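All of these numbers come straight from a predicted model, not from anything done at the bench. Here is how names work: the chains are called A, B, and so on, in the same order as the sequence lines, proteins then strands, and each is numbered from 1. Note: hydrogens, waters and symmetry copies are ignored here, and every other heavy atom, side chains too, is used.
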Number of protein chains: 2
Amino acid sequence: MGEAAGTGRRSIGARRNPDSADAILDAAEAVLAEAGYSGFSIEAVARRARAGKPTIYRWWPSKAALLLDVYQRQKRVDVPDTGNLEDDLVGFLKNLFAHWRLTASGNVFRSLIAEAQSDSHAAAALAGYATGRRAHTGQVIERAKARGEVAPEVDAGIVADLIASYAWRHLLTNRLDEDKATLRTAVRYVISGISAKR
Amino acid sequence: MGEAAGTGRRSIGARRNPDSADAILDAAEAVLAEAGYSGFSIEAVARRARAGKPTIYRWWPSKAALLLDVYQRQKRVDVPDTGNLEDDLVGFLKNLFAHWRLTASGNVFRSLIAEAQSDSHAAAALAGYATGRRAHTGQVIERAKARGEVAPEVDAGIVADLIASYAWRHLLTNRLDEDKATLRTAVRYVISGISAKR
DNA sequence: TCGGTGAAACGATACGGCCCGTTCCGGGGC
DNA sequence: GCCCCGGAACGGGCCGTATCGTTTCACCGA
């Protein structure tokens, strides 16, 4: 999977032109930001990048691979570390929603999820990516566990899954402007069920 | 009489042919079940139903509307009423996942969500449908509230949202075969944060 | 009661347009 | 010279609309 999709080093013999690749990724991002998923086609990206379609197909085997590359080129949302689990998770959701709203990332990720529903390559790529992110988010819970804020037997993966699910659904249903109070309430419902003390 | 008990779309003078409509909906369901979302096109449905494309376009303004009609024709998943909130929610998720796995519903709903990412009509239809379902699921929490099992100030909508989000993400990432134990744990994390006592 | 009539839905076909994924070509930088 | 590039073109599929001729069915006057 990471085979042809990476922006980093390539296998021996393949001499990808960095200028061209960047122009294509820039164009893909711009098209997605302006026309959304429905307007996102290989031809549109090629036109925008003043590149040839074969150049795109040479380096990205599918629309999904291109989308994933675009998404991974974005800056990552940082997970706060305030010393308090509730604040960490609320802050994370708030940062994530803002990031999705204010950059092309939201559209890119929505498109990737949609693409994954009809393309098995996209599904596999998304599954791998989601696993990595879940582990990442799970660290917040692990930190809280280390602080004694969360019971040690709690499954951090499931908690991260609940939080990520909540974020996904808001992205997919255009509710990225959710009240901060609502976010806090949702987070509180989840984590007050896992706290060590009561 | 038995005249067009369909989806309530008819206006005066419109004489939709029930046979034709049923054939189209049957064909749409079959195409989705066999070819999935990527193979689902109006032309494919028309071929399968031995109907003309204009007939489909006459009664369904978009692919999304057709998908929604197909989905709503399916049997609904019943929400258990065991007298215990945790069992109700776990049972609901289990029923829902089984329903999505074993019938065409899962594919239909996945397709509808994907379509909503690129079509505003689909997004609107989906939002309306989701609102209705959320209220429906919220009744489970309200029942628990009436039993004194849940604190009265709890926002049933947010809890229903968390549960629905969890279900959506499992559908969209092909994890409908999740362990029952994991489901129970997830449900427990959510609802033990809203219980009235302890 | 009964047959005529016309509106409306039907299946089929065709159209221009867009996009897919591939192939071929000529130009140009290392 | 090599090999990657951009451009053009291809066959194929689907979209959404227009336009055929046909069939169905509610209405209504004889």
What is the separation between atom CG on B:Asp119 and atom C1' on D:dC14, rounded to the nearest whole Å? 15 Å
For B:Ser41 and for A:Ala49, find the nucleotide of DNA chain D with the closest heavy atom, then tell me which residue's nucleotide is more 5'. A:Ala49
Does a side-chain N or O of B:Ser20 approach OP1 or OP2 of C:dG11 to a distance below 4.0 Å, or not? yes
Between A:Glu43 (CD) and C:dG17 (P), how many Å, whole number? 15 Å
A:Phe97 and A:Trp100 aromatic ring geometry - parallel, tilted or perpendicular at 30°/60° bounds: parallel
So OG1 of B:Thr173 and CZ of B:Arg110: to nearest 0.5 Å the spacing works out to 9.0 Å
Would you say A:Trp59 reaches D:dC5's phosphate, i.e. side-chain N/O to OP1/OP2 under 4.0 Å? yes
Quick check: does any side chain N or O of A:Tyr189 sit under 3.5 Å from a backbone N or O of B:Asp155, one acting as donor and the other as acceptor? yes
With respect to the phosphate group of D:dG6, does any side-chain polar atom (N or O) of A:Thr55 fall under 4.0 Å of OP1 or OP2? yes
A:Leu66 atom CG is separated from C:dG21 atom C1', nearest whole Å, by 15 Å
Value in whole Å for how far the C1' atom of C:dC20 lies from CD1 of A:Ile56: 12 Å
Side-chain atoms of A:Pro54 come closest, of D:dA8, D:dT17, C:dC20, to D:dA8
Base C:dG21 to side chain A:Lys53, donor-acceptor N/O within 3.5 Å cut-off: yes
Atom CH2 of A:Trp60 and atom P of C:dC20 are separated, to the nearest Å, by 15 Å
Between D:dG6 atom P and A:Ile42 atom CD1, what is the distance in whole Å? 14 Å
Could you see if B:Trp60 belongs to whatever hydrophobic cluster contains B:Tyr37? Use Ile, Leu, Val, Met, Phe, Trp, Tyr and a side-chain cutoff under 4.5 Å. no
Counting only heavy atoms not in A:Arg133, do more than 12 fall under 6.0 Å of its CZ? yes
Would you say B:Arg58 places a side-chain N or O within less than 4.0 Å of OP1 or OP2 belonging to C:dC10? yes
Separation of A:Lys63 atom NZ from C:dT22 atom P, in whole Å? 14 Å
Length of the CD1-P vector between B:Ile24 and C:dG11, whole Å: 6 Å
Between C:dC19 and A:Arg47, is there an OP1 or OP2 to side-chain N/O distance shorter than 4.0 Å? yes
